[in-house]
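Note that ligands are numbered from 1 as they come in the structure, with each ligand's atoms numbered from 1 the same way. Quick note: residue numbers are just sequence positions, from 1. As a basis for the values below, the full set of heavy atoms in this structure was taken, side chains included, without hydrogen atoms, waters or symmetry mates. Quantities reported herein were computed from a predicted structural model and do not represent experimental measurements.
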Amino acid sequence: MSRFAEPQDDAFRALNDSLSFDWRLGPYDVQQSRAHATMLAAQGIITDAERDELRRALDQVQRELGEGEFPFAEGDEDIHMAIERRVTELAGRVGGKLHTARSRNDQVATDVAMFVRAHAHRAHEQTERVASTLVAVAERHLDWPMPGYTHLQRAQPVYLSHHLLAYAWMLIRDRERFAGVAAATAALPLGAGALAGVNFDTDRQLVARELGFPTVAENSIDAVSNRDFVLDYLAAAATCATHLSRLGGEIVLWSSEEFGFCEVADAWASGSSIMPQKKNPDAAELLRAKSPRIASHLVALHGVLHGLPLTYNKDMQEDKEHLFDAADTLELCLDAADGMLGSIRFSRENLAAAAADEMLAATDVADLLVRRGMPFREAHGVVAGLVRSAIEQDKALSDLTREELAEHSPLLDDEFYGLLRDGAWLEAKVSQGGTGLSRVREQLERARAALR
Ligand code: ARG
């Protein structure tokens, strides 16, 4: 019997059915159902023989799902109903007992939590791998000078290793964020029923142990309404994707003829359909472009949940496509970033030529005056004046004469030329976390320790 006298409208079914995407929860649903049946039997709610029949059917469903041979049927609305229907086909009437003391509301929340946990672990591993690759590439380019930029204007020289390690730290923070996401899935929703709990003396701790949840959700209303762990995953994924986007963006710039700092391996580039000379850094461009897509999934789910009354509303079915696409996109990007970074080649010459721009020593000249007693703010003004005269005369700083220097400050002597000549501006950055080589070595060691 059904409560409904009329069949569902085709357009309603197209809108309402979620099987086309939630089939991905199948393996978690089977695992969950197995734990649930175990608990029902342990509590005497079904017999051991019934549990065994359910398990056999669930094993068969798992095989069919794994081999892509699961027979979906016309009326399957979502993966949960499809699996229950199939279990009943395989096991007979006892299949109808699987849903005792369970609702699709606590069931779907549990499946989604399991999915999030698995993919938080995956992202944890992948971010660790990319960070390790960045550390290895940094190590190979330890003392390669390059210009550091602000406003995309040459600012101060740094070592390439230092610049690459900046990204390694971002990925290390991402890894920690994904550990936090996994922790946000700690409380088992199952056992909450539709919203109020169930009419049976269930053992939720047993189910939690079986499924690897450290605890049980304290409040059945919260349990079926909570999607915080999806928001947390999407937030961590969006931040991580933004990091990859900035990295991709820099590699695109650096690969240009104008910069000429690096070249991605052929395996990570494409040609042009019309211009035979082209080698385009498409992978880096796509890393740059994918992040807003993931951020939009986060914003969309906040939109779905905001103002939504407790408890379950069909709106919540909209969590899945955002989550799934974010996970697919992020995992693909992390794999690509790792491969592209592992095979990229840098041009020591071009990096060094750009870093040899004397203007990059302006702060160091100011600091020379500071060491001679001038307040930094005054020194900043003196050097700004020097830079201006050099630019106006189309000269390098070191082409300014002693007389010109004296006009700007009596404190400027031959050491000014020495400072520009020996190019030791990098090694002058001795502060902790700075680009001086011994500090970068220290930093590398700390990054390695964080990844161990
Ligand atoms: N397909 C649904 C979802 O993904 C399953 C939960 C259905 N629950 C309900 N009360 N209709 O959210």
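- Counting only non-hydrogen atoms, the option in K320, Q317, R104 that gets closest to atom 11 (N) of ligand 1 is R104.
- Screening I83, D78, I79 against M81 for a side chain to side chain contact (heavy atoms under 4.5 Å, CB included) leaves a single residue, D78.
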message: Before you tell me yes or no, could you show the steps for L165 and V135 under side-chain contact (heavy atoms from CB on, under 4.5 Å), namely the whole-Å CA-CA distance, both residues' side-chain angles and the distance that decides it to 0.1 Å?
response: CA-CA 6 Å; L165 283 171; V135 168; 4.0 Å; yes
message: Please determine whether side-chain contact (heavy atoms from CB on, under 4.5 Å) holds for the pair E263 and W254, giving the CA-CA distance in whole Å, both sets of side-chain angles, and the decisive distance to 0.1 Å.
response: CA-CA 8 Å; E263 187 177 340; W254 293 359; over 6 Å; no
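- In this structure, the protein non-hydrogen atom closest to atom 8 (N) of ligand 1 is N105 OD1, 2.9 Å.
- Heavy-atom contacts of S18 reach the following atoms of ligand 1: 1 (N) (cutoff under 4.0 Å).
- Here the protein heavy atom with the shortest distance to atom 5 (C) of ligand 1 is D78 OD2, 3.4 Å.
- Residues passing the salt bridge (charged side-chain N to carboxylate O under 4.0 Å, His left out) test with R175 are E128, sequence neighbours excluded.
- Given atom 12 (O) of ligand 1, the protein heavy atom at minimum distance is Y312 OH, 2.4 Å.
- Applying the salt bridge (charged side-chain N to carboxylate O under 4.0 Å, His left out) criterion to R441, with sequence neighbours excluded, gives no partner residue.
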